[in-house]
Each structure stands twice: as structure tokens, then as C-alpha cells.
Amino acid sequence: MARAHKYDVLVVGAGGAGLMAARYAAQNPGVSVAVISKLYPTRSHTGAAQGGVGAALGNVSEDHPEWHAFDTVKGGDYLADQDVAEKFSHEVIDAVYELEHMGLPFSRTPEGRIAQRKFGGHTREFGKSAVERACYAADRTGHMILQTLYQQSIKDQVTFFNEFYVLDVILEDGSARGVVAYELATGELHVFHAKATIIATGGNGRMFKVTSNAHALTGDLMSVLYRRGIPMEDPEFYQFHPTGLYKIGVLLTEGARGEGGILRNADGERFMERYAPTIKDLAPRDMVSRAMYLEIQEGRGVGPDKDYILLDLTHIDAAIIEERLPDITEFARIYLGVDPIKEPVPVQPTAHYAMGGIPTTINTEVIRDGNNTIVPGLYAAGEVACASLHGANRLGTNSLGDLIVFGRRAGIEAAKYAASVDYEPMPDGVTERTRSELDRIRAASGSERASHVRKALQDTMMDNASVFRTSETLQNQVEILAQLRERYAQVSVEDTGTQFNTELMETVELGFLLDNAEQLVHGALNRQESRGAHSREDFTERDDDQWLKHTLVYKEDDGSVRIDYKPVTLGKYEPKPRVY
Amino acid sequence: MATAAPKTLKQARETYNTSGELVWWVFMRISGLMLVFLVFAHIYANNIAFNAGEIDYAYVANRLAQPSVKIFDTFLLGFALLHGVNGLRYSIEDYVRKPGRRFWAKAALFTITGIVFVLGTMTLWAFSYDEMGAAVRALN
Amino acid sequence: MDATTPTRIPTGAPVHTPDMIPITMKIKRFDPEKDARPYWAEYRLDVRPTDRVLDVLNTIKWEMDGTITYRRSCAHGVCGSDAMLINGVNRLACKILVQDLGDTISVEPIRGLEVQKDLFVDMEPFFDAYKAVLPFFINDDAEPPRERLQSPEDREVFDATTKCILCAACTTSCPVFWTNGRYLGPAAIVNAHRFIFDSRDQGNAARMEVMNQSNGLWRCRTAYNCTEACPRDIPITQAIEEVKRELLWRQA
Amino acid sequence: MYRGREGQWAFVLHRLTGVGLALYLLLHVIDISLVMFGPEGPFNAFLAFYHQWPFRVGLILIMAAVVYHAFNGIRIILMDFTDWGVKYQGALWYGAMGLTAIVGIPVLIKVVPEILGIA
Ligand SMILES: Cc1cc2nc3c(=O)[nH]c(=O)nc-3n(C[C@H](O)[C@H](O)[C@H](O)COP(=O)(O)OP(=O)(O)OC[C@H]3O[C@@H](n4cnc5c(N)ncnc54)[C@H](O)[C@@H]3O)c2cc1C
Ligand code: HEM
Ligand code: SF4
Ligand code: F3S
Ligand code: FES
């Protein structure tokens, strides 16, 4: 039998968003809170974030939340919901001060204030020139956020269930009742009964071959809810970060360009001058990644295979590099044997961030359709969610902002909700679905290995659905995905034990990844325009008349995919061509 | 593994019982410095200025007949014993893991040290080696 | 700093993908459901010299033997999942390359924590020690409307110890910790240091009390294994000695 | 064996020599205390017992140990109270070993033959 637990508020995921949510939920006396995570909290990928968190503090030069909101909307190619962007750009200022009050060790200005630097797409006076908006702690901002939040959760005595994999969300009569989780240590299933459940499980970058994302980022809960009939919003907008280390994808923060780093092609040319004359190397990521691909396509890539670009930091003072970018300097030295102080670093675009995800309202309530129908008791925040802040392309530093702003909102909203309702009854047999899937995999005798299917998925997604897409490559990928699903059904595991069966979990995660890829590819195939990170070679223009709307991808009961759309919330900022 | 997370200060206090570790730490350093002189002088006197192979009762008794040696050796004995016994305690606490055994090991250590200290002090102060020395000289 | 027109044309050393080489990987394995005691398993395979040890483990798990079990996530040394005893020293598997190790590599679980399966060890005692030092910011003054000020110099004092990723490489390399699992261990002290020397923090009295306990700070015998092992290059022993001195002057 | 570096071996040796010295000290006080029983007492008999080979070699080791322990003890104190002590701890250890040799070897040249009863 499954072990049973009961908490008023349940947080799934212990990254920045999850910990922030838990903290705020726990501040309500009488509301019990638990956090479930498949990793120890401090192993969450928020810790990998480097560059900074954007907030218009104006510590280095004049700045205003309105400018930030504008940059967010424009960076998102006008697909961002403008009410969300406005609220966000104001609230993130408070949230950053709050982090500081929790002890976060930001780097400092000479006056002792939080240090800020330039970042891609952040500008003064609605696009005039780059502005210092990214609040940073060297190139370990995410690490500091994650550690600080975890430290506070120790102070607050939050209850954690670590190395528990949430494999199902219990939805009954349209409302959420809790989750089913697999305990890695014992192989047991646990049922968590809750009044409110917050999903904060991060991204899904592992569906691509070259990615900055951790092995653990397999889009689990995006898939779980998708299978449960909740649509995914805007999954075709997947961000490729321009500067991943060549071949391995480890990220070199945009902060490197914020500090003056320059991208060069094989001719040594600063090619971004041609693509974005005003802010050059600090253009939004989608533009830079595309420019890099184009340079490579046109034969100006570097190296024996002419397939990478150089990030040049050699003109920057060595002391500044060591002080402000110590970690990425080390990454280049260790993994490529290149010393950024002396030589330019080989980079290539790397799969980085899902703009889309579980659709939510501005208050992080999960919605189930284009009419914004709320799923009572279900909340989502962080990279896994799509409150439509990032639109078609996220600006650098806006994800960490997203975590703290919407993580906080989720905690507050969920606790408020939990305090106002009683536990709804837990239906019978809630573990059946999970148990039978696990049993099926354990008992399978097929000849396929999960790793081979996953590799095929990652390679083909990279080829067919990454920076540039065409109807042909996407159609092709739809078929490949169907074949991969068949192969997935043949996957068997060698480890049939109950304790610490990581092979079993990797296999389950592969199933989740396949769903994530399906959402992305279908969303992309249907969207016949180019916008933000979604770039169609057969539809190269943005088409606001037809496509200024959010995609919703549904999984039907028969396994087929249905696409629907919902309108974008517009506001002050009229959609305009995006030039920098 | 489910962890009802944090350790409060109270729990921390319960887990770690207070003691004078700091004082001992300082003592180890001060006594160590003193011992450099005491031990080296001791070795010099007994092994370098004198042929260690020829040490016998007479030599020892003669030495112990001098008050300056008595005082010097008392310091040496006290510091070396305290320094050594505390060092041995460190080792016991690191290597003897079962609480019961650890208790007995330490009890035995302290008892033996106590006895040795008494023995040593008696040797230094309770007897007149002048007479004994004279007796020996007479014997020869 | 704005080098709009390049004065020289840097092209960088071309990055070649080196050829595969054969290696032998020895892994200390243990499955509580099958084995009475741990044993060494050997795998022979071809890898690239620039592969991380984690890549090698992945290759074994994905191509040769799916039962092998270890923690990993970020794969570039920032999450702290995969501290292991590699060729006799504690390293993160994702931060050490085959070319730095030679063609025979041995991998064991980190020491001093109970082995649960293969390279999985029970991390709870480690985190308990960490939690005991009150590793969180304490300041009960009214919060200012904006940030608390801190000079870059004051920020610099504790910079090194903010880098800790709680990988346990240090604590499980410490000879004192191996035999006396109740010793707080270097990781906990590092995290105490991070707050003790933060000019904004006020919780030191309580923290020092924990440090001063019989299994606290004073058990450190300056063996430096922790410092050698730390994948974040934190000068751990230096930090421990700073805390010792701080505690000493405070009590004096 | 954990492949630690200077610091680890310095610690292991310091502890081994410390424990060795402490145990020797206990024995040494006991045997010297036998002088209390006067010239006819067991003292000389004990000395004869000590003159057996293993004890003679042991005594030489103890002398080497005390020299190492003393110099490394000073190294530890330097590390505890100065930043450069920590920074150059490796070099200091080699220094301690070197000093042990410099001080120890002449002493041993003088003492070993005597203890071994050759001189
Ligand atoms: C290398 C890198 C650098 C970045 N730099 C920046 C930057 O400078 N600025 C910026 O704004 N953004 C940056 N980002 C983006 C940002 O860091 C992430 O989007 C953000 O950290 C995601 O946080 P999260 O809380 O949503 O999820 P995560 O931090 O990824 O946490 C996910 C949590 O969910 C848990 N989980 C997942 N699946 C399950 C399951 N099935 N059951 C139970 N638990 C589960 C995990 O254990 C984990 O605790 C960067 C991202 C990367 C990869
Ligand atoms: C000669 C000068 C000496 C000096 C400078 C010296 C110095 C030190 C110091 C500084 C320590 C503390 C080590 C630490 O905390 O890491 C120590 C430990 C110790 N000393 Fe000495 N000492 C000397 C002589 C002796 C003698 C004569 C004995 C034997 C009686 C002795 C036995 C020990 C023991 C057993 C330890 C504990 C070792 C450990 O915990 O690792 N020392 N010494
Ligand atoms: S101090 Fe270094 S080795 Fe120790 S846990 Fe932190 S990062 Fe790991
Ligand atoms: S290895 Fe251990 S003894 Fe001290 S210097 Fe490091 S904690
Ligand atoms: S996998 Fe994250 S530190 Fe190695």
C-alpha cells in the first residue's frame, strides 16, 4: 500500500520558485506546508543560473520599472501579456530587496548598494541604449538565490521530502487533491493529500542534444498535467542561449557580454553590428542565436568544421574577469582547456529555457482552457509555468525574477486558498496509474534501451526543431516522435530492484520528455510565422494579424494532439517591428 | 528520505554538550611551546651531554638530588603529562566510537595519568636522593 | 572597454575532438538487495580524453550496465550531486576529465557516510551537521525600505565561503570525520563562516556556541584534505582557522 | 588509502608521534620512579630489561619522533595564528621535516651508538 501524507499546501519542486512559494505559504500560521523534490533542494538547477536578476533599482544608472516592462514585452516579441509584465517589473524590485533582507550576498557598488550590470535586451528609455539592470552576485546569482532560500527554509523549519519523484497529480471533479510520489530510497509510492498544490519543477531542456540544462530537467510535471488534460501554453517558444560551451552546452552567462564580451566569426568580425546596430552583442537571445547560426551557415563559423563562434573577452581587464566572471572562466578552462583571459572561447547556441509551460493566471492559478477556467487548488510558478511574462522570448535575468515574483505569489495564493477550504475527499485507487506504468517498465522484456531512445530524441530535436524550423523538418519530427514512442514501449530496464532504482526513474523521465517534445513540435508546426525564439524558414515574418495569440496544446484521450489558441493581453505598448 | 527539516539552536545544544575544548586548544599550544624548551633541554642533558648508554641508578639519583633538576623536571612532568593526556583524549574521542567504550577508555586514561603523576611527583620530591646517592657511592 | 573595431583578429586555438582511447573503470559497487558487502567491478570501454568521469559513468550506465547507480544533475560542477572518491581523492565526477586521470580510473563512494547503493551515500548526517550551525541570515532589526548597505570590502571578507554547494567532498575527505562522524565537519564550518563574517548578520553568539561544542570546530586537526578536495576552491582550512581565531578573541 | 597531500601526512605523523610520545612518557615516568626503591630496588634490573634490542631501537624512534612533533607543533601554531602559515603550510611541513633531519641526524649520530651500546 502507498504511504499517505496530508498537508494544506504542497510544493512540488525545490528550486527558486518552489522554495519561495514554500516560504510564503509557511508564513501563514496554521497552514501546514511540505516540499517534495526529486533532488536535494540545493541541487536544483536554479543554482546554475549565473548572470543576474533584473530589477529597476537604478543603483548604477537611472532606471524605471516601465522601461523594464517595455523591454520585457518587446524582448518577448509582443507575445507577453502586458498586464503581467507591468506587475512583474514593479514587484520584482520588492522581491530583490527581500532577497537582500534574507541575507543574499549580492556584489556591491562602491556605495554599498546592490551591484548591477548590463544584460541582453535591457535598455533605458524604451530602447535607447543598454542599461545596468541585472542585480548580481559575481556569476553565481542563481546559486546565491537557491542557497539563501534554502537557508531561510531551514530557519522556517519547512518540511522536505527529498529524492521523491512526483509522478502524478490527482485531479478529481476538476480540482487538484494532491500528488503521487515515488520514493527513490525505497521504491515506495506515497500519496500526498493537499488542499493546494504548487508545481515548481523547472524546465525541460534535456529533450535537446546541446543544452545548458541539468540531467534532471525532464519536464516531468508538464507532461503529467498534459496527460491529465491540462493544455501546455506556448511550448514552441524554446530559447537557445547564444553562448553555450562548444559541444557540451555548459552556459557562459550573457553577463560576459554585459561586461563587454564580443562575439566574433571566423574573420574576427563583430558580426552583431550588422544584426543589431544599437545594442550589438547585447541583443535579445533569439536574435543573437539566429545570427550565430546564419554566420555558421554562410561559412563564417570557426574551427575545423566551421561550426562554432568565438566569445572574445581578451580585451577585458583580467582582474574584472576574475572578479565578476570567475565561474565561467573556470568552465572554459576545465572543459575546453581555453583560458578566456588569453584566448576567445568557442561557443554555440545551447538549449536553455522554456518560455511556455503550464498556463496560469497572473496569480499563478493553473488554467485548463482558452477561457481561463481555473483548476481549483492547483498553482504553478517558475520555469515550468507560463504566466505569459516572457512571451516568445525571455529576456536574460527575467527568469530569476519570475521565480521570486511568481513563487511568492504562488505561496501566498495557495495558502489563502488552503485556509478557505476543507480537504476534499481523496478518491480510491489514485496510485493505480503510476503503479501499473512502473510495473510495466519493470516487467518489460523489449530489447530497447532508454538511453538510445533518448539520444535519438535529443539528436533529432536538435536537427529539426531548434533555432530554425520549417514545415518539413517539423513534419519529419512528428513522424520521428511517433516512431520513438513505439520504441519507448519496447524499453526494458536491467535494474529491477526497489531501492535507489535510478534506471527506472530515467526511463520514466524519458516518457515525460517525449510528451514535452510532442507539445513543442506540434505547437511549432502549427504556428506559421516567425516570432521570438520560434523561427520558421518558410514563414520568416511575424504576422500579428493571425498569430498574435498564445498556443494551447492539448492531449486528447485517444492520444492525439489538439491545438487551440487564446488571446494575448495587450496594453500600452503597441506591437512594433523588433529592431535593436 | 523525509526530513522534518531543521535543527534548532536548542536541538544543537542538546546534540553537542559544552566543554572546555577552547581552553584545551589554547593549552596545547602554550604547553607545546614550553615543551620545546623543556624536552629539548631534557634530552640535551641526559642524552647528549651524557652518554645515554651509561645511565644507571647512580646517575639518576645524583641528578634528582639537585633542587634545580627537581623543579625543572616537575615542570616537564606536569606539562608533558597534561599535553600528552589531552592529546590521547583527542585520539580516543576520534577513534573509540561507542559511547560506553569511550567513557571507559577515557576513565582508564585519566586514572593511569593520575597514578603516573603521583608517582612522578613522589619520585621527585618525597625522597632524599642525597642519602641514597651517598649510600651508592659508599657501596662502590 | 568597447572594442567596436577589432584591432587584431583573434581566432583562438581550434578545438579538436580528440580520438577515443580505451580505459578501465573500476567501480566499488554495492546493492543492498543483493550483496553482503561491497565489491569492485571493472568495465573496459572507449572514451575521449576530454570526457568527464561523469560522462564515463553515464556511458557505462547507458550502454553497458543499467544497474549502476549514482547521483548527478547539473553535469558542470555547480549542484554538488556527484562527489566521489576518484583515484583516491574526492572529486566531482563532472568536474574531472579522463585526461587528468590516466587510463585506469577507480571510483568509490565518499567515506564516512553510510553507503546505500553503489555511489549513493546517506546524506542526512551531513545535512544535519550543516543545519546545526544555524546556516541562515539572522538580523532582527527593522528592515530598511531598500537594501542594507555593505561595502565591497565587507562583502569580500566572506566571499569564498558563499561558494559552497554542499557537495560533501570536504567533510568526507577529513580524516577526523571518517572516524568521528559526530564532528561537525568542514562543510558546516564553512557555512558558519559565511555568516559569522557577514557584516549584516547578528546571529553570531548562538553560532559560536555551536562551534565551541566538543564535536565542533576544535576537532579540526588542520589536515587540509578538505581544502584539497573542495571543487569550488574554497580555502576551507583558512576559513576554519579564521573562525577559530574569531572564537578565541571573542571568548578572551 | 586516501591520496591526501602534505597536510594529511603531517597530521597522521603528528598524531602517531604524539601518541607514541605520550605512551612512552607514561612508561618513562614509571621506570624512573623505580629509583624511589633505592639502589637495591628494581631500578637497575629494569634498566637491564630496557637494554634489550627492541627498546633501544624504540628509544631512538622516540627521539626522532619528539623532534618531528616539536617542529610540526610549531608549524601548527603558525598556521593557527597567521594567514601565511596556512598559505605556506605545505612548504612549512617540508621545513619541519628538514629541521627534523638537521637537528635529528647529528643527535642521532651522537646518541645512536651510545644507546646501541657500540660507543
Ligand atoms: C545555466 C543556466 C543559467 C541561467 N542563468 C540565468 C540568469 O542569469 N538569470 C535568469 O534570470 N535566469 C537564468 N537561468 C534560468 C533560470 O535559472 C531557470 O529558469 C530557473 O532557475 C528555474 O527555476 P525553477 O525554480 O523553476 O526550477 P529548478 O530550479 O530547475 O528546480 C526544479 C525543482 O523541481 C524538482 N523536480 C523536478 N521534477 C520533479 C518531479 N518529478 N518530482 C519532484 N520534484 C521534481 C527538482 O528536484 C528541483 O528541485 C539560467 C538557467 C540555466 C540552465
Ligand atoms: C616538544 C614540543 C611539543 C610541541 C611544540 C607540541 C605541540 C603540539 C600541538 C600544537 C598539538 C596540537 C595539535 C592539534 O591540535 O592539531 C599537539 C598534539 C599532541 N601532542 Fe604535542 N607537542 C610537543 C610535545 C609533545 C610531547 C612531549 C608529547 C607526549 C607526551 C606530545 C603529545 C601530543 C599528543 C598525543 C597530541 C595529540 C595529537 C593529535 O590529536 O593529533 N606532544 N602537540
Ligand atoms: S566547502 Fe567545498 S567541498 Fe565542502 S561542501 Fe562546500 S563546496 Fe563541497
Ligand atoms: S580535513 Fe579535517 S581536520 Fe580540519 S583542515 Fe580539513 S577539517
Ligand atoms: S552533477 Fe552537479 S556537481 Fe556534478
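All values reported here derive from a predicted model rather than from experimental measurement. So you know, we letter chains A, B, ... as the sequences are listed, proteins then strands, and number each from 1.
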Structural part of [X] lying under 4.5 Å from a heavy atom of chain A:
| X | answer |
| --- | --- |
| Leu97(C) | side chain |
| Asp201(C) | neither |
| Glu33(C) | side chain |
| Asp100(C) | neither |
| Glu63(C) | both |
| Ile68(C) | backbone |
| Arg155(C) | side chain |
| Lys163(C) | both |
| Arg200(C) | side chain |

By a 4.5 Å heavy-atom criterion (distance strictly below it), what part of [X] contacts chain C: side chain, backbone, both, or neither?
| X | result |
| --- | --- |
| Leu184(A) | side chain |
| Gln499(A) | both |
| Asp305(A) | neither |
| Thr148(A) | neither |
| Arg140(A) | side chain |
| Val493(A) | neither |
| Met102(A) | backbone |
| Leu39(A) | side chain |

**Prompt:** Hey, does the side chain of His101(A) reach the backbone of Arg146(C) with a donor-acceptor pair shorter than 3.5 angstrom?
**Reply:**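 Side chain of His101(A) to backbone of Arg146(C), a donor-acceptor pair under 3.5 Å: yes, one is there.
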
**Request:** Would you check if the side chain of Thr141(A) reaches a backbone N or O of Gln50(A) as a donor-acceptor pair within less than 3.5 Å?
**Result:** yes

Below 4.5 Å, heavy-atom pairs only: which of [options] has the largest tally toward chain A?
| options | value |
| --- | --- |
| Pro135(C), Ser151(C), Pro145(C) | Pro135(C) |
| Arg232(C), His76(C), Arg71(C) | His76(C) |
| Gly77(C), Cys79(C), Pro32(C) | Cys79(C) |
| Glu153(C), Arg52(C), Glu143(C), Glu156(C) | Glu143(C) |
| Asp198(C), Asn139(C), Ile165(C) | Ile165(C) |

**Asked** Between Arg29(C) and Thr67(C), do the side chains contain an N or O donor and an N or O acceptor separated by less than 3.5 Å?
**Response** yes

**Asked** Counting heavy-atom pairs under 4.5 Å to chain C, which of Lys342(A), His452(A), His45(A) comes out on top?
**Response**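 When all of Lys342(A), His452(A), His45(A) are compared, His452(A) has the most.
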
**Message:** For the interface with chain C, which of Pro105(A), Gly47(A), Ala48(A), Ala214(A) has the highest count of heavy-atom pairs at distances below 4.5 Å?
**Reply:** Pro105(A)

**Asked** Do Tyr150(A) and Phe160(A) have ring centroids that are under 6.0 Å from one another?
**Response** yes

**Message:** For the CG atom on Asp141(C), are there more than 12 heavy atoms of other groups (residues, nucleotides or ligands in this structure) within a distance under 6.0 Å?
**Reply:**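 More than 12 heavy atoms, drawn from other residues, nucleotides or ligands, come within 6.0 Å of this atom.
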
**Asked** Is the shortest side-chain N to carboxylate O distance from Asp312(A) to Arg264(A) below 4.0 Å?
**Response** yes

